[in-house]
2 protein chains.
Amino acid sequence: MSERGRPRTFDRTAALRRAMDVFWVKGYEGASISDLATAMGINSPSLYAAYGSKEALFLEATDFYSRVEGPDIWLALEEAPTAREAIELFLTRTAKAYSQADRPQGCLITLGALHQDSTSGLICADLRRRRAENHSALQKRLERGVAEGELPIDFDSRAAATFFATVQHGMSIQARDGASCTALMATVAGAMAAWHTLAGVEKA
Amino acid sequence: MSERGRPRTFDRTAALRRAMDVFWVKGYEGASISDLATAMGINSPSLYAAYGSKEALFLEATDFYSRVEGPDIWLALEEAPTAREAIELFLTRTAKAYSQADRPQGCLITLGALHQDSTSGLICADLRRRRAENHSALQKRLERGVAEGELPIDFDSRAAATFFATVQHGMSIQARDGASCTALMATVAGAMAAWHTLAGVEKA
DNA sequence: CCTTTTCTGTGTTGATCGATACATAAATGA
DNA sequence: TCATTTATGTATCGATCAACACAGAAAAGG
């Protein structure tokens, strides 16, 4: 490849992970270039040379987040044999991940940039897209449950996916308020308590 | 009272409402003094003279929000005859309020300041306190349901309150993503679907 | 060797941040 | 009338924001 020129003296991926942590804790607006560069152990010109801009760095950091922090939670949908167990495992892993003491609480995709201003419009749109993808993944798993006969033919997979996705979003805020894993599991239990009704004769 | 000196030329409460709208849309960090003063129709020195600081203005704006936007939703807990109807009415009014086209989507208390940095630590703490009060209001209403015999004696009011509060928080983010009232009602339906199980033999 | 290419650190850019100094204007009390 | 008090508008404060100019340093190709 291109190995011309002076080689980079820092690990690009390791620095990206540190940037992700800063964005995770402070959000897009709250994280300054100074904060980021300090945490990454580099100076701002190196940051711009390697990643382009604050916006580009955030997009790369969220993508990294999705690939590193996401799978543990979202693979639950494919690992569990039934839709019910898939949702329950998905929410349980969410509760654990969101309350881990050695990481920022809650989800970067959910909390990273909720207020779209002039500078972060692209950021907000990207996060919204990722949240929509998550909603779609839930819906597809539920539709599979319908196709496999686990759920009734008139089961509203879209509405149910909206419900479970919304519960997960709420858990991010609950985690930011300092909720323990046990407290988050109370929410999981509440959400799963809806299963019988949703999967049963809800149309009555 | 004190009517000495030159009288104020703007309506203090009307300006506070405009400031509330700006904070509601942009959040605490995202709202600049310039944004606020422009929306309020005053210059920054008048802003500081009347409200003290950006922090103090935000605290006053959130208090105003609680007194003006809150009651419609939270009085549902006292207006409905049963705990079940109270929660359902509470969530239904939330769905309507969060999706109104002529207002910012979602809740100022929930979305106003999620990332505590050095400058907004007091802000975050105040919003957390308000969210805790909301949780407490839900829990009290559920406990009343237990006391009145509507709910079983071993009903976990605290866990259920956590669940419903978390659902409402999630609805704020859902609304920020552009969800319609109908879409929000899907979440309400999901949450209420949990009722039978939570109020029944959940300990099994 | 020398040229080219790329990265690093220092220092700085114009813009914007939250917050005020200051002089003037408009009210009250004496 | 005049001193006191408070509000207003202009203009600006130091600090920080995101981003970059520039020169020196470290590699490869020739």
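Below, each value reflects all heavy atoms present in this structure, side chains not excepted, and no hydrogens, waters or symmetry copies. Below, read A as the first sequence line, B as the second, and so on, with proteins coming before strands; counting in each chain starts at 1.
Within the 4.5 Å cutoff, the side chain of A:Q116 has heavy atoms near those of the A:R128 side chain. Looking at heavy atoms from C-beta onward, A:E69 lies out of side-chain contact with A:L108 at the 4.5 angstrom threshold. Proximity of B:L89 to B:L77: side-chain heavy atoms (C-beta onward) are nowhere separated by under 4.5 Å. Within the 4.5 Å cutoff, the side chain of B:I123 has no heavy atoms near those of the B:E29 side chain. Taking the side chain as every heavy atom from C-beta outward, B:M40 and B:Y51 approach each other to under 4.5 Å.
Following rounding to the nearest Å, A:E3 (CD) and D:dA28 (P) show an atom-to-atom distance of 8 Å. In this structure, A:L122 atom CG and D:dA18 atom P are separated by 17 Å, rounded to whole Å. The nearest whole Å value for the distance from the CZ atom in B:F58 to the P atom in C:dG18 is 13 Å. Atom C1' of nucleotide D:dC17 and atom OH of A:Y28 are separated by 12 Å, given to the nearest angstrom. A straight line from NZ of A:K54 to P of D:dT16 spans 16 Å, rounded to a whole angstrom. As rounded to whole Å, 15 Å separates atom P of C:dC17 from atom CG of B:L57. At whole-Å resolution of the value, CZ in A:R4 and C1' in D:dA25 are 16 Å apart.
Under the 6.0 Å distance and 45° angle rule, B:K54 does not count as a cation-pi partner of B:F23.
Comparing atom distances between the B:R6 side chain and each of C:dA25, C:dT4, D:dA25 picks out C:dA25 as nearest. Comparing C:dC17, D:dA19, D:dG29 by their closest approach to the side chain of A:S53 singles out D:dA19.
Residue contacts shown for A:A37 are absent, as no nucleic acid heavy atom lies under 4.0 Å away.
For the pair B:D21 and B:R18, the salt-bridge criterion is not met [side-chain N within less than 4.0 Å of a carboxylate O].
DNA chain C lies under 4.0 Å from at least one heavy atom of each of the following residues of residues 40-52 of chain B: B:S44, B:P45, B:Y48. Within residues 7-20 of chain A, the residues having any heavy atom closer than 4.0 Å to DNA chain C are, in order of number, A:P7, A:R8, A:T9, A:F10.
Aromatic ring pairs are classed by plane angle as parallel below 30°, tilted from 30° to 60° and perpendicular above 60°; the pair B:F58 and B:Y28 is perpendicular.
The only option from B:T110, B:T187, B:T94 that meets the side-chain hydrogen bond (donor to acceptor under 3.5 Å, both in side chains) definition with B:Q168 turns out to be B:T94.
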